[in-house]
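Protein chains get the first letters and strands the later ones, always in sequence-line order, with residue 1 at the start of each.
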Amino acid sequence: MSRSDNTHIFLTFALPFTRKMKQKLSEQEAIRREALASLRELDIDPYPAEGYDINASSREIKENFPSDNSLFQDVKLAGRIMGRRIMGSASFAEIQDESGRIQLYFNRDEICPGEDKTMYNTVFKRLLDIGDIIGVKGFVFTTKMGEITIHVKEFTILCKSLRPLPVVKEKDGRVYDAFTDPEQRYRHRYLDLIVNPEVREDFRRRAQLIRSMREFLLNRNYLEVETPVLQPIYGGAAAKPFKTYHNKLETTLYLRIANELYLKRLIVGGYDAVFEFAKDFRNEGMSRFHNPEFTQMELYVAYRDYEWMMGLVEEMIEKIVLDLHGTTSVKTGEHIIDFKRPWKRFTMYGAIEHFTGQDISEMDEGEMRAFAKREGVETDESMGRGKLIDEIFGEKCEPHLIQPTFITDYPVEMSPLAKKHREKPGLVERFEAICNGKEICNAFSELNDPVDQRARFEEQLELGRRGDPEAMVLDEDFLMAIETGMPPTAGLGIGIDRLAMILCNKPSIQDILFFPQMRPEKTGGSDEGKEEFIRAGVPEQWAGLLVQAGIPGIDALKSANPNKVFNQLCGLRKKLKLDIPPPGPEEVKDWIKGESQ
RNA sequence: GACUUGGUAGCUCAGCUGGUAGAGCACGUCCCUUUUAAGGAUGGGGUCCUGGGUUCGAGUCCCAGCCAGGUCACCA
């Protein structure tokens, strides 16, 4: 009996497994489930419980076998089948383990030394597929074609895969049929990782970046800490938060937009240096530079100022880049960026003068607005002097700063948590490092004058009252901490994702986050929605169609236009050639109003 | 949010002025004892993103929507 001939048998057999399946299986999926059932009939567990001890990796073999052919004569390794070439009683396959791919050679009479050739003829040739995970035992040799290959004596099925994998071919460094659709890659990152090895490498590099930074900080005896993600008062940055609710406490909580105010409390508490790798959450627009959740490393060091912090940033980033690339130069997009110390430094006024030829430091608000207009920078009346400077800088300078550059001395209005400049009125002791036209870190001499801090919060409250949704909220407990007394402190925040983008040469933040936020796909509909409709009095035959019409649940139905719903149902009835009478328009209205109950 | 490009088989894509949905890989069957992306033969596989409209007829044209990419804006 051929495999396709007993499809119907398989279907009955496999029904319990498909309880939650929403769509019918494609032919290839059906064939795999059929193979799964056949394996079980042969008393082969497609998902064995015990571990599989390996003693080699594909990379070790490829690296060490050529120089010593006596090695790897009793190897055991495991991986996913990525390709198969079957010919009569001999076959080649390719498996991929974490370190790479290696070819396997199967010979029928060695896999099956006795009379029973089932393991080769049936299990290997017919019941295994690309995507399955197997373990193999055997010895390494080189084929006539010069390919390092494992001669398999024994194999074990470790996991049967039920879905076909995108098959990417490669020859002489050229890739064919690459799995490239970004939507598919991000939504199903596991597939991306399986078939695009360079993606696995990028994320390893990101992990190395974090490890290298942590190492640098721990070597200086800085304390790694953890502070709340759920915060009753959000603060430490200008951003819109995500809001949630704690049932038992009956209180609103926010996902943190920053951890600054908590880390400073720890400095008040007597630690001299604390840092945290923090996931922060900002409820704002998304772009290739912005994901709603992102990672930031924040660091606070007592008895230091922002001048000192610039030195630390240079040293730390230079070390990280060296750890990752073995050199201080990194290619990113069009540019080669050199992180070698020391980095260029500009004051904000200096940078504006450098790029526009105009010294604006002595201008008042009116002159500055006029200047901005001349330079083609958009302004509006609500912008004060500080905001204007920021706009001009963002428009005329930031995009041109490709090599790592410190910009220092920001307007006080933009920086309610930074200490006033020791010499220059109206400015604060703050710097950002700009690289590849984007900010990669933000730091200041932290404001520890409690009276000044309270006044700055008051200004923010005023902004909030005027409707600025990102104005900071007054955090009374934080002020109490500052009133208790915080030593002079230098603080730093580094955007890990943006740094990773540069160091991994990725133009989009989605490429250095495993699971970037995506808009949920509209599914074909769920059983839950259908159940809801039935409970609400919709006849079963129509309940399913409502889901199919893109109305996921009862709430959506309640707010839908009855005429449109009626039209959609009639359309679907016609399209699917259903042999049931159309619903009356009144009937549909009743469902929506919920009067049919 | 604006503009723009795209959505067709498991994957990568073609499909002309509107006329019975195609290729390669993958998959099934048969043949074949060492292949280098692809051995040979043969066969199956589609909600052409969704819904309307125009038309004798829509993958194709029009409208609306959904999802994604890019650019810009907003935003750090």
Side-chain angles (χ1 to χ4, degrees), chain A residues 1-5 7 23-32 34-35 82-94 103-109 126 129-131 141-147 149 151 161-188 191 195 237-240 257-258 280 282-290 292 294 296 378 390 394 398 414 432 434 438-442 469-470 493 495 497-498 507-508 510 518-522 524 548-550 564-565 567-572 575-576:
Chain A
M1 194 188 314
S2 78
R3 283 172 69 179
S4 45
D5 284 342
T7 302
Q23 288 178 334
K24 68 169 185 147
L25 297 174
S26 74
E27 187 192 35
Q28 291 192 51
E29 289 172 292
I31 287 165
R32 281 166 184 249
E34 193 184 328
M82 298 305 286
R84 294 196 310 157
R85 294 176 290 278
I86 292 174
M87 26 220 315
S89 58
S91 303
F92 287 89
E94 206 175 9
Q103 180 167 271
L104 306 178
Y105 170 71
F106 289 82
N107 181 294
R108 183 185 61 207
D109 297 324
R126 308 173 92 103
D129 288 290
I130 289 176
F141 75 112
T142 307
T143 63
K144 281 183 201 161
M145 302 304 292
E147 180 91 2
T149 301
H151 188 120
S161 165
L162 296 183
R163 283 178 182 270
L165 217 52
V167 177
V168 181
K169 302 279 173 145
E170 198 194 320
K171 189 191 183 184
D172 303 333
R174 278 186 64 191
V175 177
Y176 301 78
D177 296 337
F179 179 63
T180 50
D181 178 14
E183 177 165 6
Q184 300 262 58
R185 289 181 46 227
Y186 303 148
R187 286 194 199 276
H188 310 292
L191 292 177
V195 304
K240 283 175 244 165
I257 57 172
D280 291 335
R282 299 188 183 175
N283 205 342
E284 294 166 349
M286 291 164 58
S287 75
R288 69 193 179 94
F289 293 105
H290 299 85
F294 62 101
Q296 195 162 202
E378 275 182 52
D390 194 55
E398 202 172 20
M414 319 298 305
E432 292 188 356
I434 314 285
K438 276 280 165 189
E439 166 206 350
I440 55 169
C441 80
N442 182 16
E470 296 186 345
D497 309 290
R498 296 223 179 134
S508 166
Q510 296 172 112
M518 301 289 275
R519 195 181 293 271
E521 275 180 302
K522 264 200 180 159
Q548 233 179 319
K564 190 180 170 199
V565 174
N567 276 335
Q568 282 179 310
L569 290 182
C570 291
L572 276 171
K575 179 173 178 174
L576 300 171

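Spacing of C1' atoms, C61(B) relative to C25(B), comes out at 33 Å, to the nearest Å. Nucleotides A26(B) and G46(B), compared at atom C1', are 16 Å apart to the nearest Å. When the P atom is compared between G22(B) and G43(B), the two are found 14 Å apart, to the nearest whole Å. Across the C1' atoms, A76(B) and A38(B) are found 50 Å apart, a figure rounded to whole Å. Spacing between U5(B) and C63(B) at atom P, rounded to whole Å, works out to 13 Å. Distance noted for atom C1' between G44(B) and G7(B): 25 Å (whole Å). Here the separation of U12(B) from U50(B), taken at their C1' atoms, is 24 Å to the nearest Å. Spacing between A64(B) and C3(B) at atom P, rounded to whole Å, works out to 11 Å.
In this structure, the nucleotide among U34(B), G69(B), A38(B) sitting nearest to the side chain of Arg85(A) is A38(B). Checking A76(B), A68(B), U34(B) against every side-chain atom of Met518(A), the shortest atom distance belongs to A68(B). Distances were taken from every side-chain heavy atom of Glu284(A) (C-beta onward) to each of U33(B), A76(B), U34(B); the shortest belongs to A76(B).
Looking at Met518(A) and Gln510(A), their side chains come closer than 4.5 Å, going by heavy atoms from C-beta outward.
A donor and an acceptor atom never sit less than 3.5 Å apart when one is taken from the side chain of Glu147(A) and the other from the base of U34(B). At a cut-off of 3.5 angstrom, the base of U36(B) holds at least one donor-acceptor pair with the side chain of Thr143(A).
Considering only side-chain N and O atoms, Arg282(A) lies nowhere under 4.0 angstrom from the phosphate OP1 or OP2 of A76(B). Checking the phosphate oxygens (OP1, OP2) of A68(B), a side-chain nitrogen or oxygen of Arg187(A) falls inside 4.0 Å. Taking side-chain N and O atoms only, Arg126(A) has a distance below 4.0 Å to OP1 or OP2 of U29(B). Within the structure, a side-chain polar atom (N or O) of Gln510(A) is placed less than 4.0 Å from OP1 or OP2 of G69(B).
Going from atom CD of Glu29(A) over to atom C1' of G46(B) covers 14 Å, rounded to whole Å. Remark: P of C30(B) and CE of Met87(A) are 17 Å apart, rounded to the nearest angstrom. Distance, Phe92(A) CZ to U33(B) P: 13 Å, rounded to whole Å.
Across all strands shown, A9(B) has no partner, as no Watson-Crick or G-U wobble contact with both distances under 3.5 Å is found. Pairing for A58(B) is absent, with no Watson-Crick or G-U wobble pair whose two atom distances lie under 3.5 Å. For C75(B), there is no paired base (Watson-Crick or G-U wobble, both distances below 3.5 Å). Pair check for C30(B) finds G40(B); Watson-Crick or G-U wobble, both atom distances under 3.5 Å. Across all strands shown, G70(B) forms a Watson-Crick or G-U wobble pair with C3(B), both key distances being under 3.5 Å. For G45(B), there is no paired base (Watson-Crick or G-U wobble, both distances below 3.5 Å).
By the side chain to side chain donor-acceptor pair (under 3.5 Å) test, Glu94(A) is found to be paired with no residue, residues two or more places apart in sequence or in another chain being considered. Scored by the salt bridge (charged side-chain N to carboxylate O under 4.0 Å, His left out) test, Asp181(A) finds no partners at all (sequence neighbours excluded).
With RNA chain B read from its 5' end, the first of the two nearest nucleotides for Pro507(A) and Glu432(A) is the one closest to Pro507(A). Positionally, the nearest nucleotide of RNA chain B for Asn107(A) lies more toward the 5' end than for the other of Ala239(A) and Asn107(A).
For the residue pair Ala258(A) and Ala237(A), the shortest heavy atom distance occurs at CB-CB, 4.1 Å. In terms of heavy-atom proximity, Phe179(A) sits nearest to Leu191(A) at CE2-CB, 3.9 Å. The heavy-atom pair separating Arg498(A) from Phe289(A) by the smallest distance is NH2-O, 3.3 Å.
Between the side chain of Arg85(A) and the main chain of Phe92(A), no donor-acceptor pair closer than 3.5 Å is present. Put simply, the side chain of Arg84(A) never gets that close to the backbone of Asp129(A): no donor and acceptor are under 3.5 Å apart.
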Q: Going 5' to 3' through nucleotides 1-11 of chain B, assign each nucleotide B (protein heavy atom under 4.0 Å from a base atom), S (under 4.0 Å only from sugar-phosphate atoms) or - (no protein heavy atom that close).
A: ---------BS
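Under a 4.0 Å N-O distance rule, the pair Lys438(A)/Glu398(A) does not qualify as a salt bridge.
Nucleic acid contact class of Ala237(A) (heavy atoms, under 4.0 Å, all strands): none. Arg288(A) comes within 4.0 angstrom of the backbone, heavy atoms only, and of no base. At a threshold of 4.0 angstrom between heavy atoms, the contacts of Phe289(A) with the nucleic acid are absent.
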